[in-house]
Amino acid sequence: MADTKYIFVTGGVVSSLGKGIIASSLGKLLQARGYKVTIQKFDPYINVDPGTLNPYEHGECYVTVDGHEADLDLGHYERFLNIQTTKDNNITTGRIYQNVIQKERRGDYLGKTVQVIPHITDEIKRNVKSLGVKNRFDFVITEIGGTVGDIESTPFLEAVRQLRWELGKNCFCLHLTYVPYIAAAGEVKTKPTQHSVKELQSLGIQPDMLVLRTDRKLNTDILDKVALFCNVEQGAVMQSIDVSTIYEVPVMMQKQGMDEVVLRKMNMPLGGIPDLERWNAFLQKRKDAKKEVRIKLVGKYAELPDAYKSIHESLSQAAIYNERKLVLDVCHSEKITEENVAETLGNADGIVIAPGFGQRGIEGKFISLTYAREHDIPTFGICLGMQCMVIEYARSILHLKDANSTEMDPQTVYKVIDLMEEQKHITNMGASMRLGAYDCVLKKGSLAYKAYGKTKVQERHRHRYEFNNFYKVQFEVAGMKCTGINPDSDLVEVVEVPHLRWYLGTQFHPEYNSTVISPNPLFMSFMNAAASTRELRKKEA
Ligand code: GLN
């Protein structure tokens, strides 16, 4: 087997240019030519992982199958490549330092002064290479978070510089920059790109390819000019024009020959004819989907588009496969009251109650659930959303007044959601939840079973609290069925109310397991119910 090839993706000029999407698109194109590819993200902050960051700081926290709380870009990698990532795919400065300090305490460097170069850079390089070697990937694409010139990312870039020497042709650097349009001059400007490449060169890294993010088409003269000024081969300067969906980006890059340039420069055969059939079929379906489906997502981070990234993507994939165009409103749970709930949710074809932590906005979720249940609107509760479904049902149908989760009210008499015994003694906040993929056995005939078409499934978790089995019989008698159970711990993972159209909650997060090629079955089933509800309504009107 040939050596693993390493591709580094850096960004310059400004942040938020979409390095993750470019990395994913290149990964997709290489994969489509038959190569085995994975993508890794380096985050230059000192937190050991993003698990303890709130969404205001860092958007959604993504969870891998092996229980790592990860950067949301890993979600893009999985959705684009239809692969599973692990803890090894997301490394922070904090983790690198933690590893080095542990080694120092163990005596691994006995007698030596431990320094950024070589000890930190060696640890970074070890993490890049071990991912490729361990899993025998053809390509490991590593995205370096932040922007070139940031103090924080310097050790990572120094490691890239060293790897270029060590790996030779097996290493490739792609740099993403921004080309602004200056309205007063009526021109696009390449100077920021030139400066950014200079900055990278001053760190000893010569990019092999440039991708220019732009809001309008750049002509060949501009691309050639950038190539000349930045020491990059003509033809290795691509443009990434704003498009209506991130899923168009691989196709846009393919048209410019991105994968061919990379393979040629790395001395790799072009491989088979790129297989993007299913990908393109999805894009075509997206274009063809004209009929709308209106989903309301009730959560407390309504103003933050990245806070529910994976839910949004899963809904949009499921809508497209159901031949619908998703119209998603995120409704601020703190603002929902008895008085305005009808106005807020009345025209919803489906409602999602979001995951979350803490008390803020929780009453709005209960009010939404009562409304959804009484008006029989398809409703999907995810993690905290499922726990809220249970609490609302306990209060309204089981008449357990003030039933609650002990997360919200530790003194409640009716602890319908409670901490597991193992969780009660945990004091550390980092990586101490129930995390990662667990088995779940679905009851035959249930909504969940029908959606998945099988009894044994695996989905990812991120929570501390659980359905309290003490109340299980009471709920079942009152019409809320526990239809998904963990076979090892007997914990309830899915609840549903069969006499309603589609009313289901999952303790797990199915949104982490939905890709462009393989949308999650529960989202598909929910969307199908929402689309039918819309049709029914239209007929009735
Ligand atoms: N706060 C809840 C728990 O810890 C739910 C977490 C979530 O929604 N991810 O159990």
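As the structure lists them, so they are numbered: ligands from 1, and atoms in each ligand from 1. Below, all heavy atoms of this structure are taken into account, side chains as well, without hydrogens, waters or symmetry copies.
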TODO: Report the part of Glu407 (side chain from C-beta onward, or backbone N, CA, C, O) that has a heavy atom under 4.0 Å from ligand 1; answer both or neither where that applies.
DONE: side chain

TODO: State if Gln387 counts as touching ligand 1 under the rule of any non-hydrogen atom under 4.0 Å.
DONE: yes

Task: Residue, atom name and distance, where the atom is the protein heavy atom closest to atom 6 (C) of ligand 1 - done: Gly356 O, 3.3 Å

Task: Geometric N/O contact Leu384 with ligand 1, under 3.5 angstrom - done: yes

Open item on the list: Just so I know, are the side chains of Thr406 and Tyr465 near enough to count as touching, which here means a heavy-atom distance under 4.5 Å?
Closed with: yes

TODO: Check whether more than 12 heavy atoms from other residues, nucleotides or ligands sit under 6.0 Å from atom NZ of Lys472, and answer yes or no.
DONE: yes

- [ ] Report yes if some N/O of Cys383 lies less than 3.5 Å from some N/O of ligand 1; otherwise report no.
- [x] no

- [ ] Output yes when the distance from some N or O of ligand 1 to some N or O of Arg462 is under 3.5 Å, and no in every other case.
- [x] yes

Open item on the list: Is there a polar contact between ligand 1 and Gln507, counting only N or O atoms under 3.5 Å apart?
Closed with: no

- [ ] Check Arg434, Gln387, His461 against Gln507 for a side-chain hydrogen bond (donor to acceptor under 3.5 Å, both in side chains) and give me the one that passes.
- [x] Gln387

TODO: Under 4.0 Å from a heavy atom of His509: give me the atoms of ligand 1 that qualify, with their elements.
DONE: 9 (N)

TODO: Answer yes or no: are there more than 12 heavy-atom neighbours, outside Phe470 itself, under 6.0 Å from its atom CZ?
DONE: no

